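Have a look at the structure below before the remarks.
None of the values given here were measured: they were computed from a predicted structure. Protein chains get the first letters and strands the later ones, always in sequence-line order, with residue 1 at the start of each.
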Amino acid sequence: MKELVVISGKGGTGKTSITGAFASIVKNKILIDCDVDAADLFLILRPENVKKYEFYAGQKAIIDKTKCDSCDKCIEACTFHAILKDYSILDYKCEGCKVCSLICPQKAISMHDSHVGEWYISKTRAGTMVHAKLGIAEDNSGKLVATIRSKAKELAKEQNLDFIITDGPPGIGCPVISSISGASAVLIVTEPTPSGIHDLKRIYELARQFNVKAYVCINKFDINIKVSSDIETLCKENSINLVGNIPYSNDFNKAQIAEKTIIEYGNKDIDLIINNIWKIIKSDF
Amino acid sequence: MKIAISSQGKDLSSNIDERFGRAKIFIIYDLDNKNFKVIENTQNLNAQEGAGIQSAANVSREGVSAVITGNCGPKAFKTLQAAKVKVYLIANKTVEQAIEDYENKVLKEQTNANVEGHW
Amino acid sequence: MKIAIASGKGGTGKSTVSLSLFTLLAQKGIKTALIDCDVEEPNCHLFLNPAASMITQATVKIPEFNFSKCTGCRACSDFCAYNALAVIRNEACAKCVKYCTEVPIECSGNEVLLFKELCHSCGGCALVCKTKAISYTTRSIGEIFNERVDINNLIQPFYYGKLNVGEAKSPPLIKQVKNLNLKNVDVTIIDAPPGTSCPAINAVENCDYVFLVTEPTPFGLNDLNLAVQMLRKLKIEHSIIINKSSDSDYLINDYCQKMKINIIAKIPDDRRIAEAYSRGIIFINELPEYKDNFSLIINNIEKRLKS
């Protein structure tokens, strides 16, 4: 069983559209949407039979104002500035460290488990999908990502599937690290802009640090042929496997609006290119 | 000399628990006296990241020289290594069989974590 | 006055808008600073020419242990909500032996391992330690760049943070970049990271106003809604900028009408804008006709400055 995670560093390069394409192309697989902060894959795959699970991670403090004598020790001690002057807790800033609960002389502060989001196992026309929704302004995205990856792996084993195709989050932080650790390979989707190259270097370095094999493809490559060529040179010089160049196309947006993957929408050129990308990765990883 | 085995149940005929960090139970087996004790590891069932670290700290305090488990992540491995506890991996066996394999020197000492860590 | 440029979805054009506003406000004689808070993937600096640059390390505090005082009681590791500490018993602990040869104190043979990537710097471990065996030191998580940039012959302050690759958490660095002491600045523009979780929250909180940049696609709409919910939770006033505006704008128009949110500007889906961006050019410098698209935003800011 092999897992491919589609990441980018820079946001907006086309991860979800390309993951959607793989959803149409790759047989015998399970899908995961690890962009738990702003999940979009469901918009083209329209999941059904959704099984929902609650997700708890960490704790939040709560102050019993009837016991509080306004000594302010908690406000001074809170590293995260999560306690307001009226002794209410700003949930989205509380990191559950328990220091306030420890030092309150009146024992007015207790900790409760924090409901951080939900995750789902769904059926789609492209197979089973495991996805999640982090609560608005919540933290612990890393743990939620780990939870859905681990569940998807279990299901893939049970159903005897060959591949796991994962839509990754943007950036290089906690949720990305959690998405790629232990994966068979990542496909980095970049674009021919200074931001694209800058962010490609960083996300590639992250994959390297976590010992995950990396492939690169350039999306919207024809926006700037020169920069695309610079990216090709960069990949060659660093022995990074560049597996395809996808042209800019309005069809990606049109497909989204039609709730179809780009493959279902039908663009012969792009179909050929993405199929070829999968062919290379499949035989190599 | 004592060894710890991650277990799904409280006796030697139980199946080993493949997970180290979130193992339900550890059986601490005394090779010299041929008896054992059971320690529950339930504080880690709902733990966030770092469950492996706490399991490692727990078994090291029992004075074991080795751990037999299914998988061991990098943080757990680092903790066990610092505590001079050797790690051996095994799959699909009972605790009794694991002890036998250990005594017969069938098991190979791990030099590294065998799985990635996770939250 | 602090204004943030944010969005739920990545790649909608936050940096493009931030850089354009930075330029336009400076040209109007308004003392403006730009802070790029997308510390995981900062991009604004790629479009600016620094006249002067200073780099400092951004650090977070982590505990360090005096093993001659440690009794191995485990109060610290029991308290740590993040499992960042492991107290182990090690008869032949190398560190302790070293300490003992320097200072003749009986070593307990205890060792505390710190997993620094799990530490939240809360200070709890030192508070629970009964023998004062814990003090604090710092470790680097990234860099803060403090620059003066030339915008059409005007020198303006520009700051950005760059998280070390491999660091999981960006909020501590975002907080430090935002807290830089800005003197003689009328407007601070904050380029926020994408999303609606911790990094974005840290960038937009305590701002006076937020402009949400979206694109007229189903993904754009979905993520815009998440961002709007985030700002409503934080109680920050906001309006919408539609970038890559096209005949699909109805997706956003309908939503904004239903939610009673103002669309303050639209930037058309002009390939020349994408091409200028791909050459590292701030597009309004090359396509000045688009300065008008920002006029309502500029008016909004000027009005707020006067009041």
- Message: I'd like to know which of C/Met230, C/His120, C/Glu215 tops the heavy-atom pair count under 4.5 Å against chain A.
- Response: C/His120

- Query: Does any heavy atom of chain A fall under 4.5 Å from the side chain of C/Ser170, the backbone, both, or neither of them?
  - Reply: neither

- Message: Any side-chain to backbone donor/acceptor pair from A/Asn224 onto A/Val227? Under 3.5 Å, distance only.
- Response: yes

- Message: Taking side chain as everything from C-beta outward and backbone as N, CA, C, O, which of these in C/Ile201 sits under 4.5 Å from a heavy atom of chain A? Side chain, backbone, both or neither.
- Response: side chain

- The interface call for A/Leu134 against chain C, heavy-atom contacts under 4.5 Å, is side chain

- Message: For chain A, which candidate among C/Leu251, C/Leu221, C/Leu234 shows the most heavy-atom pairs at distances under 4.5 Å?
- Response: C/Leu234

- Task: Specify which of C/Cys198, C/Ser197, C/Gly220 makes the most heavy-atom pairs with chain A at under 4.5 Å.
- Result: C/Ser197

- Query: Checking heavy atoms, do the side chain of A/Lys254, its backbone, both or neither come under 4.5 Å from chain C?
  - Reply: neither

- Message: Taking every non-hydrogen pair under 4.5 Å, which of A/Gly173, A/Ser195, A/Gly11 racks up the most with chain C?
- Response: A/Ser195

- Query: Do A/Tyr265 and A/Phe252 have ring centres separated by under 6.0 Å?
  - Reply: no

- Would you mind checking if A/Lys220 and A/Glu191 are paired as a salt bridge, meaning a charged N to carboxylate O distance below 4.0 Å? yes

- Query: Say you draw a straight line from NE2 of C/His238 to CZ of C/Arg232; how long is it, rounded to the nearest 0.5 Å?
  - Reply: 5.5 Å

- Residue, of A/Lys98, A/Glu138, A/Lys133, that accumulates the most heavy atom pairs under 4.5 Å with chain C: A/Lys98

- Query: Between A/Leu102 and chain C, which part of the residue has a heavy atom less than 4.5 Å away: side chain, backbone, both or neither?
  - Reply: side chain

- Query: From A/Ser141 OG over to A/Phe55 CZ, what is the distance, rounded to the nearest 0.5 angstrom?
  - Reply: 9.0 Å

- Message: Quick check on A/Asp222 against chain C: is it the side chain, the backbone, both or neither that has a heavy atom closer than 4.5 Å?
- Response: both

- Salt bridge between A/Arg202 and A/Glu205, side-chain N to carboxylate O under 4.0 Å? no

- Interface residue of largest heavy-atom contact number with chain A, from C/Ser7, C/Pro42, C/Gly13, under 4.5 Å: C/Pro42

- Region of A/Tyr204 that comes under 4.5 Å of a non-hydrogen atom in chain C: neither

- Message: Out of C/Leu226, C/Asn222, C/Asp269, C/Asp38, return the one with the most heavy atom pairs under 4.5 angstrom to chain A.
- Response: C/Asn222

- Task: Could you grab the distance from atom CZ of C/Phe145 to atom CD1 of C/Ile35, nearest 0.5 Å is fine?
- Result: 15.0 Å

- Given A/Ile103, A/Ile44, A/Asn253, A/Thr193, the one with more heavy-atom pairs under 4.5 angstrom with chain C than any other is A/Thr193

- Item | Heavy-atom contact with chain C under 4.5 Å, split by part of A/Lys15 | neither

- Item | A/Asn238 side chain to A/Ile240 backbone, donor-acceptor under 3.5 Å | no

- From the list A/Val145, A/Ile148, A/Val36, side-chain contact (heavy atoms from CB on, under 4.5 Å) with A/Ser179 holds only for A/Val145

- Query: Between A/Thr79, A/Ile136, A/Asp199, which has the largest tally of heavy atom pairs under 4.5 Å with chain C?
  - Reply: A/Asp199

- Parallel, tilted or perpendicular: ring planes of A/Tyr120 versus A/His131, cut at 30 and 60 degrees: tilted

- Under a 4.5 Å heavy-atom cut-off, does chain A meet the side chain of C/Phe79, its backbone, both or neither? both

- Item | Distance, nearest 0.5 Å, that separates CD1 of A/Ile62 from OG of A/Ser88 | 10.5 Å

- Message: Using a 3.5 Å distance criterion without hydrogens, assess whether the side chain of C/Asn202 forms a donor-acceptor pair with backbone atoms of C/Lys175.
- Response: no

- Query: Hey, which of A/Gln256, A/Lys93, A/Glu259 has the most heavy atom pairs under 4.5 Å with chain C?
  - Reply: A/Gln256

- Item | Partner chain A: residue of C/Glu205, C/Glu167, C/Glu275, C/Arg279 with the largest heavy-atom pair count (under 4.5 Å) | C/Glu205

